[in-house]
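The structure's right below; bear with me while I get my questions together.
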Amino acid sequence: MVLAVLTVSDRCSQGLATDTAGPAVTALLREQWPTAQIQSALVPDEEEEIVAHLLSWCSSETALVVTVGGTGLGPRDRTPEATRRVIEREAPGLAEAMRANGAARNPYAWLSRGVAGLKGRTLIINLPGSQRGAVESLHSVLVLIRHGLEIAAGGQTHP
């Protein structure tokens with residue numbers, strides 16, 4: 001199985017900050033899928049670059065692409081827009097579950113605009129850019145992701 005993590009951050013891509021969220025998300029994915037190949041990339045908050053990476057990974061049959069960052073209300077936060085340009089079918093329950101879970105600890109989680117959906121058999125999920133927000137959001141939907149990946153790959157079993 002191939003998984004991918006795309007960190008979206010102007011500051012990190014310019015070397016002005018260190019990406020801690022992307023590596024933390026990668027570590028959590030590695031813990032959950034120890035035999036998976038995990039690819040990663042870091043791009044600025046540029047919609048075209050985000051779209052290009054998502055399309056590239058989807059065309060190589062990556063099972064899961066997780067984006068980290070660019071989901072807020074800032075003028076350059078364009079990850080959800082880029083993701084919507086790529087996905088064919090939304091999976092809104094994943095984003096809703098992450099926001100609800102996050103808001104139980106931090107009311108600002110409701111400001112996240114992250115989306116989730118499928119391009120072919122690739123599941124794409126947007127996470128917030130902070131390390132804590134990204135890890136907590138991903139952790140809150142891991143069981144759903146695991147089942148979603150099975151179904152997206154053609155499995156027909158339900159728990």
Side-chain angles (χ1 to χ4, degrees), residues 1-9 19 21-22 24-26 28-30 32-33 36-104 108-131 133-159:
M1 176 183 301
V2 178
L3 312 176
V5 177
L6 179 64
T7 299
V8 180
S9 170
D19 176 23
V25 165
T26 299
L28 180 54
L29 291 174
R30 183 161 278 116
Q32 296 296 311
W33 289 278
Q37 176 190 352
I38 303 177
Q39 302 174 355
S40 64
L42 170 62
V43 298
D45 289 281
E46 294 291 342
E47 196 170 326
E48 296 305 322
E49 289 191 48
I50 300 165
V51 168
H53 273 82
L54 296 178
L55 287 172
S56 174
W57 280 324
C58 290
S59 69
S60 66
E61 298 190 23
T62 301
L64 173 67
V65 177
V66 178
T67 68
V68 180
T71 63
L73 299 177
R76 292 194 41 82
D77 290 335
R78 304 293 299 169
T79 303
E81 288 74 19
T83 302
R84 281 191 182 98
R85 287 176 50 190
V86 172
I87 61 175
E88 299 161 338
R89 297 182 293 151
E90 284 197 46
L94 290 169
E96 292 165 10
M98 289 186 292
R99 278 188 282 274
N101 183 277
Y108 293 113
W110 290 117
L111 296 176
S112 174
R113 300 179 314 107
V115 298
L118 290 162
K119 166 100 173 133
R121 293 181 175 202
T122 302
L123 180 59
I124 302 171
I125 300 174
N126 299 156
L127 302 177
S130 74
Q131 180 178 340
V135 169
E136 286 181 356
S137 294
L138 181 59
H139 196 267
S140 72
V141 294
L142 279 172
V143 68
L144 301 174
I145 292 171
R146 187 173 297 282
H147 183 65
L149 291 177
E150 179 184 326
I151 296 301
Q156 298 299 318
T157 61
H158 293 283

Considering only heavy atoms from C-beta outward, does the side chain of Leu54 approach that of Val65 to under 4.5 Å?
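Yes. Closest side-chain heavy atoms under 4.5 Å.
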
Please report the C-alpha distance between Leu29 and Leu138 in whole Å, then the side-chain angles of each, then the deciding distance to 0.1 Å, and finally whether the side chain to side chain contact (heavy atoms under 4.5 Å, CB included) criterion is met.
CA-CA 9 Å; Leu29 291 174; Leu138 181 59; 3.9 Å; yes

Does the side chain of Thr79 reach to within under 4.5 Å of the side chain of Glu47, using non-hydrogen atoms?
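When only atoms from C-beta onward are counted, Glu47 and Thr79 do not touch, as no gap falls below 4.5 Å.
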
How about Arg89 and Lys119: do any of their side-chain heavy atoms sit closer than 4.5 Å?
no

Taking the side chain as everything from C-beta on, heavy atoms only, tell me whether Arg113 gets closer than 4.5 Å to Asp77.
yes

Would the distance check show the side chain of Arg76 and the main-chain N or O of Asp45 forming a donor-acceptor pair, the cut-off being under 3.5 Å?
yes

Donor-acceptor pair, Thr26 side chain versus Gly22 backbone, under 3.5 Å?
yes

Decide side chain to side chain contact (heavy atoms under 4.5 Å, CB included) for Glu61 and Thr122; before the verdict, give the C-alpha distance in whole Å, the side-chain angles of both, and the deciding distance to 0.1 Å.
CA-CA 7 Å; Glu61 298 190 23; Thr122 302; 5.8 Å; no

Considering all heavy atoms, the nearest Leu73-Leu111 contact
CD1-CD2, 3.8 Å

Is the shortest heavy-atom distance from the side chain of Leu28 to the side chain of Trp33 under 4.5 Å?
no

Closest approach of Ile50 to Ala82 (non-hydrogen atoms, all atoms of both residues):
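In this case the closest contact between Ile50 and Ala82 is CG2-CB, 3.5 Å.
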
Answer whether the closest heavy-atom distance between the side chains of Thr67 and Ile125 falls below 4.5 Å.
no

Roughly how far, to the nearest 0.5 Å, is the CD atom of Glu49 from the NE2 atom of His53?
7.5 Å

Arg78/Glu48 salt bridge by N-O under 4.0 Å criterion:
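Between Arg78 and Glu48 there is no salt bridge, as every charged N stays at least 4.0 Å from the carboxylate O atoms.
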
Distance in Å, Ser137 OG paired with Leu94 CG, rounded so as to fall on 0.5 Å steps:
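Reported to 0.5 Å precision, the distance equals 11.5 Å.
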
Would you mind reporting whether Met98 and Ser112 have side-chain heavy atoms less than 4.5 Å apart?
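Not in contact.
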
For Ile124 and Thr83, which heavy atoms make the closest approach, and how far apart are they?
CG2-CG2, 3.8 Å

Output yes when a side-chain donor or acceptor of His147 lies under 3.5 Å from a complementary backbone atom of Val143, and no otherwise.
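Side chain of His147 to backbone of Val143: no pair is present.
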
Apply the test side chain to side chain contact (heavy atoms under 4.5 Å, CB included) to residues Val68 and Val8: give CA-CA distance (whole Å), side-chain angles for both, the deciding distance (0.1 Å), then the verdict.
CA-CA 6 Å; Val68 180; Val8 180; over 6 Å; no

Would you compute the distance between atom CZ of Arg99 and atom OG of Ser140 and round it to the nearest 0.5 angstrom?
11.0 Å

For the side chain of Asn126 and the backbone of Pro128, is there at least one donor-acceptor N/O pair under 3.5 Å apart?
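Flag not set: sc Asn126 to bb Pro128 has no pair under 3.5 Å.
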
Taking all non-hydrogen atoms of both residues, which atom of Leu3 and which atom of Ala63 are closest, and how far apart?
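So the minimum-distance heavy-atom pair works out to CD2-CB, 4.4 Å.
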
Could you report the tightest heavy-atom contact between Asn101 and Glu136, atom names first, then the distance?
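Reported closest heavy-atom pair: OD1-O, 4.3 Å.
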
Working to the nearest 0.5 Å, report the span between CG of Leu64 and CZ of Arg121.
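Interatomic distance, Leu64 CG to Arg121 CZ, rounded to 0.5 Å: 15.5 Å.
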
Would one find more than 12 heavy atoms of other residues, nucleotides or ligands at under 6.0 Å from atom CD of Glu81?
yes

To check you understand the geometry: which heavy-atom pair defines the closest contact between Leu127 and Ala134, and what is its length?
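What the structure gives for the nearest pair is CD1-O, 3.7 Å.
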
Audit row: Trp57, Leu6, side chain to side chain contact (heavy atoms under 4.5 Å, CB included) steps and yes/no:
CA-CA 10 Å; Trp57 280 324; Leu6 179 64; 3.6 Å; yes

Flag the pair Ile87 / Leu118 as yes when at least one side-chain heavy-atom distance between them is below 4.5 Å, and no otherwise.
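Sidechains of Leu118 and Ile87: no contact.
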
Full working for side chain to side chain donor-acceptor pair (under 3.5 Å) between Ser9 and Thr7
CA-CA 6 Å; Ser9 170; Thr7 299; over 6 Å; no

